[in-house]
Amino acid sequence: MTSTAPETQRGQDAGDPLGEQPTSWQRRLRRFGHVPRPETPLRDRLDPPYNRPGRQVWSVLAIPPHVADRLVRWSGWGGPLLVTLVAGLLRFWKLDQPHAVIFDETYYAKDAWALVNQGYEGSWPKDVDKLILKDPSSVPIPTDPGYVVHPPVGKWIIGFGEHLFGFTPFGWRFMVAVLGTVSVLLLCRIGRRLFRSTFLGCLAGLLLAVDGLHFVMSRTALLDLIVMFFVLAAFGCLVVDRDRARRRLADALPVDEEGVLRPDARIAETLRLGWRPWRSAAGVMLGLAFATKWNGLYVLAAFGLMTVFWDVGARRTAGAVKPYMAVLRRDLVPAFVSTVPVAIVTYIVSWTGWIVTDKGYYRNWAATEGKNSSWNWLPDWLRSLWHYENQVYDFHVGLTSGHTYESNPWSWLVLGRPVSYFYEEQAGCKESTTGKCASEVLAIGTPLLWWLACFALAYVVWRWLFRRDWRAGAIACGVAAGWVPWFFYQERTIFLFYAVVFVPFLCLAVTMLLGAIVGPAAGQGARAELGLTSGDPTGERRRTLGAIAAGVLVLLIVWNFIYFWPLYTGTSIPEDLWRDRMWLDTWV
């Protein structure tokens, strides 16, 4: 029920450039932990079934078999929905607190309000935040265009919440909280499909629900949580597309007289997989991601390569002798067309509000400063948009001014420098020895979860390289796509909260590690992998100890989230208790 690898290691076709069948050099890697995959039916390797809890679990709980079967059927959605409910209650609890414009909400909340009311961002006067909090109806929307440096999708989403609930902290945080909650549901379902285990899928979602950075970003009207949501949705679409493509390959392969599915080189190399709507849906999601912030472009490139390597692994497993050539001929062009152009069109469409108005910033550049351009044959709006994007790129690259809470991406995983979104002291606090209480909203991950994730990432990379596990490669790709690009801009002013984009993949990595700590389920394939016989009590003892260890780690992570709850929600606590939670000097 809790193994990261379904019985008999099915599904380990790599789906990456590392090959399907062990070669001589791979056999030499056994000294580093490489374990050759036991023989598994071809259909299970192409389309692995989901794990089911053993009967002994239901026997211990005294649940009749017919009730247990019904619970198993319902658990695929029931478990994720239950975890999502918990996450939603946490995120919407006192969402309007603190009643303030915190950190960069001062930009996005106001830009979103202008967008939904007039189609373009306005140039807001300084020091208008207090008036908005006091009486938003008394603050007019500026008609002069404002210079903004991020695409509009995230602000449209924030603005939709403002349209529903008003120009208030609850209004501008509402839709971000919705996406943060739904992302927990997405991760539960993605983890379930990735590990073929409902339990592990729900565990991944639970870890995301109690991560402090994800929690704080779900309650703040910033853009990065929105990027994370679309990236995670795109990843989920690609995982579904992978399963459907492999199932289509399996259905096309021949079956021998004994009813056993057999590989076929001709079918594996020539079969056209047809229209793949989930891949196109991923293109839309990735387009929306970089139509929120441009770092979504790196994810588009990384996920595009990943899904092509998945096709290579699928065709190799089906029997292709030259899988790379087969993918080049049959899959590469459809993969590109169904993602990249779709994402670009999505991005351009997201600018519709700016395109249909004549008052947006740089909207009339093509008809004024750019009228003598050699590209006059293009529409004015397109040339004006291109000029705007160039100016924004120059701004981002040149953003090197220092900031109190800036951090280097090398320090992100260990939470070297979190970001304080809100801080307020209250005098006359009798519970404190200093006579003061403190309220803070600190954008920081749950420390024990992130520090465990450092070890989990090392395990994931090892499992990808030496166990040929495609799932580990997919998780590593998700982390790298959201993290590595920032290393190319270390002179730029960057912050820890940018890391929220890859937090779901950290949770998947920790889940894979915890599943490995628990150990394989008690099945003949898993036992063969461990060298155990069917009646060997060693496996049960090892699994029991592993389950206890994994359970303790999860409980510690949940406790850590509860311990830091006041710093995530701006709850007023005695200054002594606030200082107790400053575990590192760099957190102050």
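Reckoned from all heavy atoms, side chains included, excluding hydrogens, waters and symmetry mates.
The two residues V392 and V148 come nearest to each other via the heavy atoms CG2-O, 3.7 Å. Scanning all heavy atoms of the two residues, the minimum distance from R417 to V588 falls at NH1-O, 2.9 Å. Considering every non-hydrogen atom in both L584 and L415, the closest pair reads CD1-O, 4.2 Å. When every heavy atom of A516 is checked against every heavy atom of R542, the shortest pair comes out as O-NH2, 3.0 Å. The shortest non-hydrogen separation linking L286 to L300 is CD1-CD1, 3.6 Å. Nearest heavy-atom pair, T346 versus G287, reported as atom, atom and distance to 0.1 Å: CG2-C, 4.0 Å.
The distance from atom NE2 of H403 to atom CD1 of I494, rounded to the nearest 0.5 Å, is 13.0 Å. Taken from CG in L449 to CG in L553, the straight-line distance is 11.0 Å, to the nearest 0.5 Å. One distance of note links CD of E105 with OG1 of T220; it measures 5.5 Å at 0.5 Å rounding. To the nearest 0.5 angstrom, W93 atom CH2 is 10.5 Å from D96 atom CG. Taking CG of D576 as the reference point, atom OG1 of T433 lies at 3.0 Å (rounded to 0.5 Å). With values rounded to the nearest 0.5 angstrom, C507 atom SG is found 12.0 Å from I190 atom CD1.
Counting heavy atoms from C-beta outward, K293 and H150 have side chains that approach closer than 4.5 Å. Using a 4.5 Å heavy-atom threshold, the side chains of W559 and L448 count as touching. Counting only heavy atoms from C-beta outward, the side chains of L194 and W470 approach each other to under 4.5 Å. Looking at heavy atoms from C-beta onward, L513 lies in side-chain contact with I517 at the 4.5 angstrom threshold. With contacts defined as side-chain heavy-atom distances shorter than 4.5 Å, the pair I226/I158 qualifies. Here the side chains of L179 and L225 are in contact, with some heavy-atom distance below 4.5 Å. The shortest distance between side-chain heavy atoms of P151 and F290 does not fall below 4.5 Å. A heavy-atom distance below 4.5 Å is not found between the side chains of L457 and V461.
Using a distance-only test at 3.5 Å, with no hydrogens or angles considered, no donor-acceptor pair links the side chain of W156 to the main chain of A112. At distances below 3.5 Å, not a single donor-acceptor pair connects side-chain atoms of R91 with backbone N or O atoms of A177. At least one donor-acceptor pair closer than 3.5 Å links the side chain of Q490 to the backbone N or O of F487. Of the possible donor and acceptor atoms, none in the side chain of R219 sits under 3.5 Å from a partner among the backbone N and O of V216. Judged by distance alone, the side chain of T586 and the main-chain N or O of G416 form a donor-acceptor pair under 3.5 Å.
The aromatic rings of F564 and W587 sit perpendicular, their planes meeting at an angle over 60°, well past the 30° parallel limit. The aromatic rings of F497 and Y421 lie perpendicular to each other, with more than 60° between the two planes, well past the 30° mark. Under the 30°/60° scheme for interplanar angles, the aromatic rings of W410 and W483 are found to stand perpendicular. Aromatic ring orientation, W486 versus Y489: perpendicular (interplanar angle above 60°, classes split at 30° and 60°). Ring geometry for Y147 against Y361 counts as tilted: the plane angle lies between 30° and 60°, on a 0 to 90° scale.
Evaluated for a side-chain contact (heavy atoms from CB on, under 4.5 Å) with P566, the options V441, I573, L442 yield exactly one hit, I573. Each of F230, F505, F229 was compared with F235 under the ring pair (Phe, Tyr, Trp, His ring centres under 6.0 Å) criterion, and only F505 meets it.
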Carefully, step by step, assess H214 and M228 under the rule side-chain contact (heavy atoms from CB on, under 4.5 Å). CA-CA 9 Å; H214 185 275; M228 180 281 306; 3.4 Å; yes

Pair W278-V239, side-chain contact (heavy atoms from CB on, under 4.5 Å): steps then yes or no: CA-CA 9 Å; W278 285 100; V239 172; over 6 Å; no

So R581 and E440, side-chain contact (heavy atoms from CB on, under 4.5 Å) or not? Walk me through it. CA-CA 11 Å; R581 288 162 172 78; E440 183 173 29; over 6 Å; no

Given side-chain contact (heavy atoms from CB on, under 4.5 Å), test R242 with T307 step by step and report yes or no. CA-CA 8 Å; R242 180 186 185 275; T307 188; over 6 Å; no

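Looking only at atom types and distance, the side chain of N560 has no donor-acceptor partner in the side chain of T446 under 3.5 Å away. In this structure, a donor-acceptor pair under 3.5 Å is present between the side chains of W294 and Y347.
Under the 4.0 Å criterion applied to side-chain N and carboxylate O atoms, D311 and R279 are assigned as salt-bridge partners.
Between W565 and Y568, the ring centre distance reaches or exceeds 6.0 Å. Aromatic pair Y423/W578: ring centres closer than 6.0 Å. Ring centroid separation for the pair W172 and Y108 does not come in under the 6.0 Å cut-off.
Within 6.0 Å of atom CH2 in W386, 12 or fewer heavy atoms from other residues, nucleotides or ligands are found, so the atom counts as exposed in its surroundings. Residue-environment remark: CZ (F160) stays at or below the threshold of 12 foreign heavy atoms within 6.0 Å.
Annotation: side chain to side chain contact (heavy atoms under 4.5 Å, CB included) contacts of V501 (sequence neighbours excluded): V227, V231, N295.
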